[in-house]
Amino acid sequence: KSSSVGEGRKDSSISFNDIGGQEIAKNELREALEFIKSNDKLKALGIRPLKGILLNGPPGTGKTLLAKAAAQYTNSVFLSASGSEFVEMYVGVGAKRVRQLFTQAKQAAKRMNKHSAVIFIDEIEVLGGKRGQNHSHQEHDQTLNELLVQMDGMTSDDEVKVLVIGATNRSDMLDSALLRPGRFDRIVKVDLPDKKGRAHILKLHTRNKPLSAEVEIEAIARDTFGFSGAQLESVANEAAILAMRDESKEISPVHFKNAIEKVMMGEKLDRLPSA
Ligand code: ATP
């Protein structure tokens, strides 16, 4: 995924309604976002602002979508970056990029007349991994320190409020400094969807597709145990491609069946050693 450090107008159109399942994550996130929305009340009571939320869960479960929906919900600009973009050989470069990201967020918000910005950092364990371990790397430590400095510097008086949303599937690797109060205060679990969640995701990804009357979303949800949202999106897309190959105007159960197999196979192939 490339970084989309910019306004991402298209991104802001993702809402919580576009995300299937993940009811607990959505609720927890929305509850946390109320803090951002009621900044003035917090200020009056002297409550410190919520600065960071960590989304923790396997790949393809909708963490990026949740961050985009959070930006939309709070009428914030959305910027995204990946932890790996900050990994550099030269000391100080990563730290400089972190500073630039926060500056860009504030500038973009002002330009668009918004009072807040969401900075989404995917694979945050790469940037925020435990200091002084493995990579006894000075550069890594400086980059992480800069993120902490930026987050510590944020106050409820800032003209543009910044919320950092980090995503990881390795929260065990995170430096404990990141999890201290005033940094990533909230950890939201984003798990693989259950059957109900899978049905919801499948409905979302087939809403603009012609399905034959025999297609039962519930049955497809049952047959896709362990699939992530990204894989379910793939199933819907593959099924449509198979229907096209058959020169069929509608997608039928057999197209879904074959699409499920294809997506499962694809996963297996990905895991085979490349020889
Ligand atoms: P990664 O950790 O690999 O970055 P992620 O958790 O951020 O993954 P997303 O990028 O949000 O996952 O999801 C990838 C795609 O999968 C989405 O663009 C969407 O099409 C689909 N998807 C994943 N989860 C959901 C969901 N809960 N509801 C609807 N679509 C989903």
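When a residue number appears, it is its place in the shown sequence, counting from 1. When a ligand or atom number is given, it counts from 1 through the structure's own listing order.
- Using a 4.0 Å cut-off between charged nitrogen and carboxylate oxygen, R99 and E146 count as a salt-bridge pair.
- Below 3.5 Å of separation, one finds an N or O of G20 facing an N or O of ligand 1.
- Distances below 4.0 Å separate heavy atoms of A230 from the following atoms of ligand 1: 16 (O), 21 (C), 22 (N), 23 (C).
- A221 and T224 get closest at one heavy-atom pair: O-OG1, 3.1 Å.
- Nearest-residue assignment for atom 8 (O) of ligand 1 (options S228, A67, G60, A236; heavy-atom criterion): G60.
- Residue contacts with ligand 1 for H205 involve side-chain atoms from C-beta outward but no N, CA, C or O (heavy atoms, distance under 4.0 Å).
- Each of the atoms 2 (O), 3 (O), 8 (O) of ligand 1 lies under 4.0 Å from some heavy atom of P59.
- Annotation: cation-pi pair R198/F227 absent, no NZ/CZ under 6.0 Å from the ring centroid and within 45° of its normal.
- Screening K26, E34, R30 against Y73 for a side-chain hydrogen bond (donor to acceptor under 3.5 Å, both in side chains) leaves a single residue, E34.
- With ligand atoms numbered from 1 in the order given, ligand 1 contributes 5 (P), 6 (O), 9 (P), 11 (O), 12 (O), 23 (C), 24 (N) to contacts under 4.0 Å with heavy atoms of G62.
- Crowding of K209 atom NZ: a count of heavy atoms from other residues, nucleotides or ligands under 6.0 Å exceeding 12.
- Only side-chain heavy atoms of D122 come within less than 4.0 Å of ligand 1; its backbone N, CA, C and O stay farther off.
- Among the atoms of E233, none of the N or O lies under 3.5 angstrom from an N or O of ligand 1.
- The residues K51 and D185 are annotated as not salt-bridged, no charged nitrogen and carboxylate oxygen being separated by less than 4.0 angstrom.
- Salt bridge status for E238 with K262: present, with a side-chain N to carboxylate O gap under 4.0 Å.
- For ligand 1, the polar-atom distance check against L65 finds a nitrogen or oxygen pair separated by under 3.5 Å.
- Among K63, Q231, R198, the residue whose heavy atom sits closest to atom 2 (O) of ligand 1 is K63.
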